[in-house]
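Owing to the predicted nature of the structure, the values given are computational and were not obtained by experimental measurement. Chain identifiers are assigned alphabetically (A, B, ...) following the order of the sequence lines, protein sequences preceding nucleic acid strands; residue numbering begins at 1 within each chain.
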There are 2 protein chains.
Amino acid sequence: MMASVTGTGESVSAASLRRLPSYRQYLKVLQGMGREVVSCSHIGQALKLNPTQVRKDLAVTGIVGRPKVGYETEALIEAIESFLGWNNLNQAFLVGVGSMGTALLGYDQFNHYGLKIVAAFDNNPSLIGQKIHGHEVLSLDKLTDLAARMHVLVGILTVPAQAAQSVANLMIFGGIRAIWNFAPAPIEVPEGMVVQTEDLFSGFAVLSSRLAEVMGIRRKAGVNADANRR
Amino acid sequence: MMASVTGTGESVSAASLRRLPSYRQYLKVLQGMGREVVSCSHIGQALKLNPTQVRKDLAVTGIVGRPKVGYETEALIEAIESFLGWNNLNQAFLVGVGSMGTALLGYDQFNHYGLKIVAAFDNNPSLIGQKIHGHEVLSLDKLTDLAARMHVLVGILTVPAQAAQSVANLMIFGGIRAIWNFAPAPIEVPEGMVVQTEDLFSGFAVLSSRLAEVMGIRRKAGVNADANRR
DNA sequence: TCTATATCGATAAATATATATCGATAAGTT
DNA sequence: AACTTATCGATATATATTTATCGATATAGA
């Protein structure tokens, strides 16, 4: 009786969605090794995840498995890619040709993820006109108009924090529907748009904290408690 | 009666840790605007988070606030940085000078995050000896020995998936205690070490899925149900 | 000085996520 | 052919995370 079936609401948890790419990645490895079928237990063992969790995650793609056997590797990859919409290419604009932007422009595997960066933009005159990893850098002025004319749906935002909202606005104006935001700033968008903000340092915070723990640098929370007294 | 206080176990959730950098980022902005105190309600509004959640997250740093007022901005920033260990610099090695590695080498703000990349490594002869963003690229052979001699604790892994484990092993041998892993592969490390694996595409999967939803491309789970019949 | 209010800190409730259990079933084994 | 086992799919339980509630308290205003 969960929202999954009760009608309007979408229900796949972000946690599940986030694991799908790692399944796909691993399945590709197995496929490369000629493996035709694979079970949740196997995947779980390789990826250190609970088999039940794997099964539940995969279920969202609509894949059906065979008891005692598992899933067909190829069908499973196909199901994941289809579910995520990675089997038809979306055009994307990238704005901000700094270090992160340049790295993404250099990534030649995006087509396997349903993404094709068709243009790069910046407002730095010394960058405009240059070719970065095969993508010509265009002036930011042209963004909105070009996005509208090309019906580009995805924008990749790799600008500094203070420019994030204004560039996002240009994207919104141009009819872009989903923004992959690498700027360390939250951005406001109208209802019905999709924003996925990536914070490089959120993962690093986890690492830092765990490192501080294992190195014994940080006192445990309980020990800190008397700081509450005044 | 949670693990937080009951003794040995550490308890700060990854979810909380992941939010700390965004608080810090926003607090820096406020500080730049001369704001001396800030409340959880204010932070929550800006970052679209529940105030209670913000309060709970901040509590892990040991900060103490004043009713009706909030927290001192500066003390709060300091508390977050101190909690994450970002106020004393860790030396780090980066391995794999591809697009991601190059981007990270070009990132000049790491010192604000307690990180100083002191050397870069690769096994590509055409890269070795070159300077990338001021960091000389060294041969991979030297990694283990140099890590041990310099007492480097943090390794940044920006190599292709198939090289990930072998390079991780070199790091482990060299005495590195924490690996920030950007390779799309899980890596095995001994007990007591820290691994933080970043998957660029896990976030993209969320974006793809949500985009497919709003564009009405994907049928809902319920509609899919009859695929179960055989 | 007294009252009203925003906020903290702690705790309780609600929600979401992860894990365990169980019947059903497909494939191999005796 | 019956038995055993691994696995699926569904459901139930357990755990984790988020959100709401409540008393205490510091500040502002009457």
Side-chain angles (χ1 to χ4, degrees), chain A residues 1-6 9-20 23 35-45 47-73 75-76 79 202 206 221-222 224-230, chain B residues 1-6 9-20 36-45 47-73 75-76 79 202 206 221-222 224-230:
Chain A
M1 64 287 295
M2 288 290 89
S4 21
V5 205
T6 38
E10 182 54 30
S11 62
V12 181
S13 72
S16 285
L17 291 175
R18 286 182 166 280
R19 282 186 293 265
L20 290 179
Y23 299 143
R35 180 152 189 152
E36 308 231 317
V37 292
V38 61
S39 71
C40 291
S41 347
H42 181 96
I43 295 172
Q45 193 154 28
L47 269 44
K48 297 199 199 113
L49 295 171
N50 182 297
T52 304
Q53 181 170 72
V54 176
R55 192 170 300 121
K56 226 172 172 180
D57 288 340
L58 297 180
V60 307
T61 68
I63 190 85
V64 175
R66 297 219 309 281
K68 177 87 185 197
V69 176
Y71 307 89
E72 280 180 50
T73 314
L76 189 44
S202 76
V206 178
N224 251 357
D226 55 352
N228 278 353
R229 302 205 207 108
R230 248 170 307 162
Chain B
M1 63 289 297
M2 288 291 89
S4 23
V5 204
T6 38
E10 180 55 29
S11 61
V12 181
S13 72
S16 285
L17 292 174
R18 285 181 168 279
R19 283 186 293 266
L20 290 178
E36 306 231 317
V37 292
V38 60
S39 71
C40 292
S41 345
H42 180 97
I43 296 172
Q45 194 153 28
L47 268 45
K48 296 200 200 113
L49 295 170
N50 182 297
T52 305
Q53 180 171 69
V54 176
R55 192 169 301 122
K56 225 172 175 181
D57 288 340
L58 297 179
V60 307
T61 68
I63 190 84
V64 175
R66 298 218 308 282
K68 177 88 184 200
V69 176
Y71 308 89
E72 281 180 48
T73 314
L76 189 45
S202 76
V206 177
N224 252 357
D226 56 353
N228 278 353
R229 300 205 208 112
R230 248 170 304 161

Touch class at under 4.0 angstrom, heavy-atom based, for A:T52 against every strand present: base
Taking only nitrogen or oxygen atoms into account, show me every contact under 3.5 Å that the protein makes with nucleotides 3-7 of chain C, one pair per line with its distance.
unit_1 : atom_1 : unit_2 : atom_2 : d
C:dT5  : O2     : B:K68  : NZ     : 3.1
C:dT7  : OP2    : B:S41  : OG     : 3.4
C:dT7  : O4'    : B:K68  : N      : 3.3

Distance-minimising heavy-atom pair for A:G65 and A:P67: O-CD, 3.9 Å
Short side-chain to backbone donor-acceptor contact, A:S39 and A:G70, under 3.5 Å: no
Any side-chain heavy-atom pair of A:L58 and A:I43 under 4.5 Å: yes
Whole-Å gap separating P (D:dA14) and CD (A:Q53): 18 Å
Nearest-Å distance for atom pair CG/C1', residues B:L76 and C:dC8: 13 Å
A:D57 CG - C:dT19 P separation (whole Å): 10 Å
Net bend of the helix from C:dT1-D:dA30 to C:dT30-D:dA1, end axes of five pairs each, nearest 10 degrees: 0°
Listed nucleotide nearest any side-chain atom of B:N50, set C:dG9, D:dT17, D:dA20: D:dA20
A:Y23 side chain reached by A:L49 side chain, heavy atoms, under 4.5 Å: yes
Among D:dG9, C:dG9, C:dT17, the nucleotide that comes nearest once only the side chain of A:V64 is considered: D:dG9
Distance in angstrom units between A:R19 CZ and C:dT19 P, rounded: 8 Å
Over all atoms of both residues, closest heavy-atom pair of A:V206 and B:R18: CG2-CG, 3.8 Å
Side chains of A:V60 and A:L17 in contact at under 4.5 Å (non-hydrogen atoms): no
Protein-nucleotide distance (A:I43, atom CD1; C:dA18, atom C1'), rounded to Å: 17 Å
Within residues 48-59 of chain A or reaching into it, pairs that qualify as salt bridge (Lys or Arg N to Asp or Glu O under 4.0 Å) - sequence neighbours excluded: A:R19-A:D57, A:K48-B:E188
Nearest-Å distance for atom pair CG/C1', residues B:L49 and D:dT18: 11 Å
Closest heavy-atom pair and its distance - B:G44, B:V54: CA-CG2, 4.0 Å
Interatomic distance where NZ belongs to B:K56 and P belongs to C:dG9 [whole Å]: 14 Å
Closest heavy-atom pair and its distance - A:P51, A:C40: O-CB, 3.6 Å
